[in-house]
Amino acid sequence: MTLKSIRGTKDILPADSAIWQAAEEAIRRVMMAYNYQEIRTPIFEQTSLFSRSIGELTDIVSKEMYTFLDRSEESLTLRPEGTASVIRAYVQNNLGEQSPLSKLYYVGPMFRQERPQAGRLRQFHQFGVEALGSSSPQLDVEIMLIPLEVYRSLGIKETTLFINSVGCPNCRPIYKKKLVGELQKIVNKLSPESQARLQQNPLRVLDSKDERDQLATNDVPLMKDFLCSECAAHFDGVQSALGALKIPFLINGRLVRGLDYYTKTAFEITSTALGSQDALAGGGRYDLLVEELGGKPTPGVGFAAGMERLMMVLQKTGSVQTKQRVPAVFIIGLDEQSRSWAFVKATRLRSLGIPVELDYLGRSLKAQMREANRQEAVHVLVIGDSELKSGTARMKNMKTGTEQLIELEKIEDALRSA
RNA sequence: GUGGCCAUAGUUCAGUUGGUUAGAACGCCAGGUUGUGGCCCUGGAGGUCGUGGGUUCGACCCCCACUGGCCACCCCA
């Protein structure tokens, strides 16, 4: 085999596509209930869109993007996430002028050049939403409810909602300075990785998985205790809205988002059914992003959720019913003439929306019966010389094994009443 | 990018201390009397043992490199 799919990419084969469709239907149903409208943006953009919004220093931008020059030497990038493109489209098309609040959702592929592992691919799929135009904490909660509702409707139970606040340009720098000061006091107790993080992204030291870091930072102050009054009020608003809905949640003062544009609310939904990459969805508020990308100052909240991770959980614990379409009738032709009659008839029935299958391999009666059985066809119609002459045939019900005599001109009626 | 484990029919896997024609199950195909599937029985097709080197009289087996997969780190959905 010399031609293979790219590392970290996967074919979604017919055996799996039914469950994908079921999940996508659930997503669209929830989006409709919450009144979000779909937006479809290109999967590649100018590189600078991502480097500016996500942040030059993030891992995504600094080492994970699929970036290339096109024939006119312009630097383009396969989107590593959805938000930047949606905001670009929002600004470019002046959606903010058409209505004060835009509620948008998307479903589609994203690309990051990482080492593949459980729950991580180089081309993966996300669904997500962006709500632009309101800074109400209720909207933050609405954003959390959408993925939770998708999971609930798919029968997924083992999810946990974590929330935090990452502050804003008023309070975060002050806290950051304090944190760095504290961390420097205990720097030799930190893991080597965290010592490096102290320079690049000190907030990350807090959610390190390394036991040394967790021990060492036990008493370090957290952002949520240093919020400015506006951010603190917002965080309270989020919590009370969740409380009013009786949605269980945990405050994780160490939760950090990977992308630079987040302000105030950050949240994550995890599942114990996943491996090391246990985040099913993550999101938060980004009140400065629209302005940074050249739009009017507009507050926004959103989330992104991994489709493959959803599939993993679904396969383990979910209860989705995938309805597979089976042929209502499998028409077997015994000779040339019957086969061509069957082909014409099948086409007519199919145009009425009735699923029909035929043999195209010149197979024997026995083989065709086997095929009909394998396809779980509801009925089988055997057509030969005498059937064409008499204009009638026996239609066999494959479940019960019983046959009924029908007129060939009235197959539709027979199928309907059978 | 770093590390651990792994790579044999379409699929899931066996394959003795290196030794003749590499096996099983499932799947696929054909038959088990004339035009009726499932269950059962019989037979059949299907493998450059991931790729390329090396060691050896001889390599699926040992060594090296590469590629890919799985899992973890990093990071994240």
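So that the names make sense, note that chain A is the first sequence line, chain B the second, and so on, each numbered from 1.
Atom pair A:Glu193:CD and B:rG3:C1' shows a separation of 12 Å (rounding to whole Å applied). Summarising the geometry, the separation between CG on A:Asn373 and P on B:rC29 is reported as 12 Å, rounded to the nearest angstrom. Distance A:Lys63 NZ to B:rC73 P: 15 Å, rounded to the nearest Å. Distance A:Glu64 CD to B:rC74 P: 13 Å, rounded to the nearest Å. Following rounding to the nearest Å, A:Arg254 (CZ) and B:rC75 (P) show an atom-to-atom distance of 15 Å. Between the NZ atom of A:Lys396 and the P atom of B:rG37 there is a distance of 7 Å, rounded to whole Å.
A:Pro299 is listed as a side-chain neighbour of A:Arg285, based on a closest heavy-atom distance under 4.5 Å. Looking at heavy atoms from C-beta onward, A:Leu132 lies out of side-chain contact with A:Leu101 at the 4.5 angstrom threshold.
Phosphate contact (OP1/OP2 of B:rG35, side-chain N/O of A:Ser386, threshold under 4.0 Å): absent. Checking the phosphate oxygens (OP1, OP2) of B:rA77, a side-chain nitrogen or oxygen of A:Arg257 falls inside 4.0 Å. Neither OP1 nor OP2 of B:rU36 sits under 4.0 Å from any side-chain N or O of A:Arg370.
The aromatic rings of A:Phe44 and A:Phe68 sit parallel, their planes meeting at an angle under 30°, below the 60° perpendicular limit.
Summary of the strand contacts: A:Ile383 and A:Arg309 both lie near RNA chain B, and taking for each the nucleotide with the nearest heavy atom, the more 5' one is attributed to A:Ile383.
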Distances under 3.5 Å between protein N/O atoms and the N/O atoms of nucleotides 66-70 of chain B, please, pair by pair.
unit_1, atom_1, unit_2, atom_2, d
B:rG69, OP1, A:Gly8, N, 3.2
B:rG69, OP2, A:Arg7, NE, 2.6
B:rC70, OP1, A:Lys10, NZ, 3.2

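At a threshold of 4.0 angstrom between heavy atoms, the contacts of A:Gly401 include nucleobase atoms, whether or not backbone atoms are also involved. Heavy atoms of A:Leu310 sit nowhere under 4.0 angstrom from any nucleic acid atom. A:Gln375 comes within 4.0 angstrom of nothing in the nucleic acid, heavy atoms only. Within the 4.0 angstrom heavy-atom criterion, only backbone atoms of the sugar-phosphate kind lie near A:Ala367; the bases stay farther away.
With hydrogens and angles ignored, no donor-acceptor pair under 3.5 angstrom links the side chain of A:Arg120 to the base of B:rA77.
The side chain of A:Gln277 approaches B:rC76 more closely than any other nucleotide in the set B:rA72, B:rA77, B:rC76. When distances are taken from the side chain of A:Phe124 to each of B:rG38, B:rC76, B:rA77, the shortest belongs to B:rA77. Of the listed nucleotides (B:rG37, B:rA77, B:rU36), B:rA77 has the atom at the smallest distance from the side chain of A:Ala304. For A:Lys366, taking side-chain heavy atoms from C-beta onward, the closest of the listed nucleotides B:rG27, B:rA77, B:rG32 is B:rG32. Distances were taken from every side-chain heavy atom of A:Arg374 (C-beta onward) to each of B:rG27, B:rG35, B:rG37; the shortest belongs to B:rG27.
Between A:Tyr36 and A:Tyr105, the gap from one ring centroid to the other reaches at least 6.0 Å.
With hydrogens and angles left out, the side-chain atoms of A:Asp278 and A:Thr270 include no donor and acceptor closer than 3.5 Å.
For A:Arg79 (side chain) and A:Pro109 (main-chain N/O), a donor-acceptor pair under 3.5 Å exists by modelled atom type. A:Asp11 contributes no side-chain N or O that, together with a main-chain N or O of A:Leu13, makes up a donor-acceptor pair within less than 3.5 Å.
A salt bridge between A:Arg122 and A:Glu114 is absent, with no side-chain N of the basic residue lying under 4.0 Å from a carboxylate O of the acidic one.
Rounded to whole Å, the separation between the P atoms of B:rC76 and B:rG68 comes to 25 Å.
In this entry B:rU42 has B:rA30 as its Watson-Crick or G-U wobble partner, both defining distances falling under 3.5 Å.
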